[in-house]
Amino acid sequence: MSQKPWDGRFSEETDRVVEAFTSSIDIDRHLYKYDIEGSIAHCRTLARAEIITPKEADELVFGLEAIREEIETEKFEYKDSLEDIHMHIEDRLSTYVGSLSRKLHTARSRNDQIALDIRLYVKDQGGKIAGHLRDLCNAFTDLAEKNIDVVMPGYTHLQRAQPVLFAHHMMAYFEMFLRDKSRFENCVERVDVMPLGSAALAGTTYPLDRSYTAELLGFSAVSENSMDAVSDRDFIMEMLSCASICMVHLSRFSEELVLWASTEFSFVDLPDAFCTGSSIMPQKKNPDIPELVRGKTGRVFGSLTAMLTVMKSLPLAYNRDMQEDKGPLMDAVDTLRACLDIYVRMLPKITVNRNVTESASGRGYLNATDMADYLVEKGMPFREAHGCVGKAVAFALGEKKELHELDLSELKFFSSLIEDDIYPALSVKQMIDRRKTYGGTATQNVRDAIVRARKRLS
Ligand code: ARG
């Protein structure tokens, strides 16, 4: 018969199926490091409050460290009957310190213990994700710099709109991922609150110096309300929201890579080492990485939805439903980290087919706005110029020519203001370099943006 720390009032042994159903060890075993760190700080706090002696604290800490070693060298045994990581560690502690292990849980509940563990996890992982995002931002900046003079069509409605620098397009993603990074940093700041001392829900009768525990664990604050501390999981929802937004950005980029790598676009070549083939069609080279990243976005959204749904009707304070928080959280964190990591590795190896992107920029009337702007410079009101160029486009379409391929006499038919100097105004180079407004695609602007981006990252 397996002893449980809570079975004093029970007259029957727990049903095996119930043990398996209620067990969370498969998931919360990944929190062992935080759980042990928390227990060590708790021992020190108990000693400081003279609830245990300093010598007892030393012994407990020694035992906890030995267990950490066992887990890390994979010598630790897990079993459903011990439910969760907290009970596993406490149970194992007796092999090292005997009955002294029975003092560890004084002034503590698994409710504040798990709240601590996941807060430590979110702090740690949030920082790591911010680190991946920094690397990704660097990779986008490098890719932009390497292709600084490559022109490509910019799109709206997935219709060719106006030419832009490929670098400008990449730096748009830099902005998104830099915001993602600050979202995670922000989330980590808010989660930086120490819940131990809240115990089951109401606080504890023991005189714990909670600030001391917080200091030992590297938290900058202690929780203000014991009920909130054990029952809230908004920091998980926040982390998953940040992860979901970041996945939206990754997924949009992925979609573009899938399109650009198609024969129809042929804008980029993806590295062979990051693609796979087909088991039947020998010619295939598939963009699996972007496809999988796009697909994994669904998992992360699913985690956020699961978490919001788990929490939405829970009365205060702790409810066992909340045990369902860790699966979605950890799955989303692992998924996001894997996606960020693979793009950090793949981005430097993407090559742009500049001949294709440049020739695409010269076809599809991408210079129509510039022709209208030319007429405005010559004194025509913009709306009138828009109409006039619209007619020219319709005419050119009929002739199967681009605007810049029409003769001056043909162009003059649409406005007598048009002179020979229209042709340079319709060239891709001028279209790019005249868009000098701050944040625009002119080459010098993008160069400056890259310099600023490096500073913003450092
Ligand atoms: N495994 C639990 C969880 O993840 C730990 C807290 C359990 N508390 C309780 N009273 N059963 O939420």
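Atoms within each ligand, like the ligands themselves, are counted from 1 in listed order.
- At a 4.0 Å heavy-atom cut-off, ligand 1 does not touch E83 at all.
- When each atom of ligand 1 is checked for a heavy atom of S24 under 4.0 Å away, the hits are 1 (N).
- Q113 and R110 share no donor-acceptor pair across their side chains, judged by distance under 3.5 Å alone.
- Atom 11 (N) of ligand 1 has its closest protein heavy atom at R110 NH2, 3.6 Å.
- Heavy-atom separations between Q113 and ligand 1 are all 4.0 Å or longer.
- Under the side-chain contact (heavy atoms from CB on, under 4.5 Å) test applied with V230, the options L316, L116, D112 reduce to a single match, D112.
- Which of D112, I85, N111, D325 comes nearest to atom 8 (N) of ligand 1 through a heavy atom is settled by distance: it is N111.
- Looking at L347, I342, D288 one by one, the single match for side-chain contact (heavy atoms from CB on, under 4.5 Å) with F274 turns out to be I342.
- For ligand 1, the atoms sitting less than 4.0 Å from at least one non-hydrogen atom of K326 are 3 (C), 4 (O), 12 (O), numbered in the order shown with element in parentheses.
- The cationic atom of R68 (NZ for Lys, CZ for Arg) does not lie both less than 6.0 Å from the six-membered ring centre of Y32 and within 45° of the ring axis.
- Using modelled atom types and a 3.5 Å distance limit, the side chains of S266 and N353 yield no donor-acceptor pair.
- The protein non-hydrogen atom at the shortest distance from atom 6 (C) of ligand 1 is Y318 OH, 3.4 Å.
- The protein non-hydrogen atom at the shortest distance from atom 1 (N) of ligand 1 is Q323 OE1, 2.9 Å.
- Using a cut-off of 4.0 Å between Lys/Arg side-chain N and Asp/Glu carboxylate O, R252 and E255 are scored as not salt-bridged.
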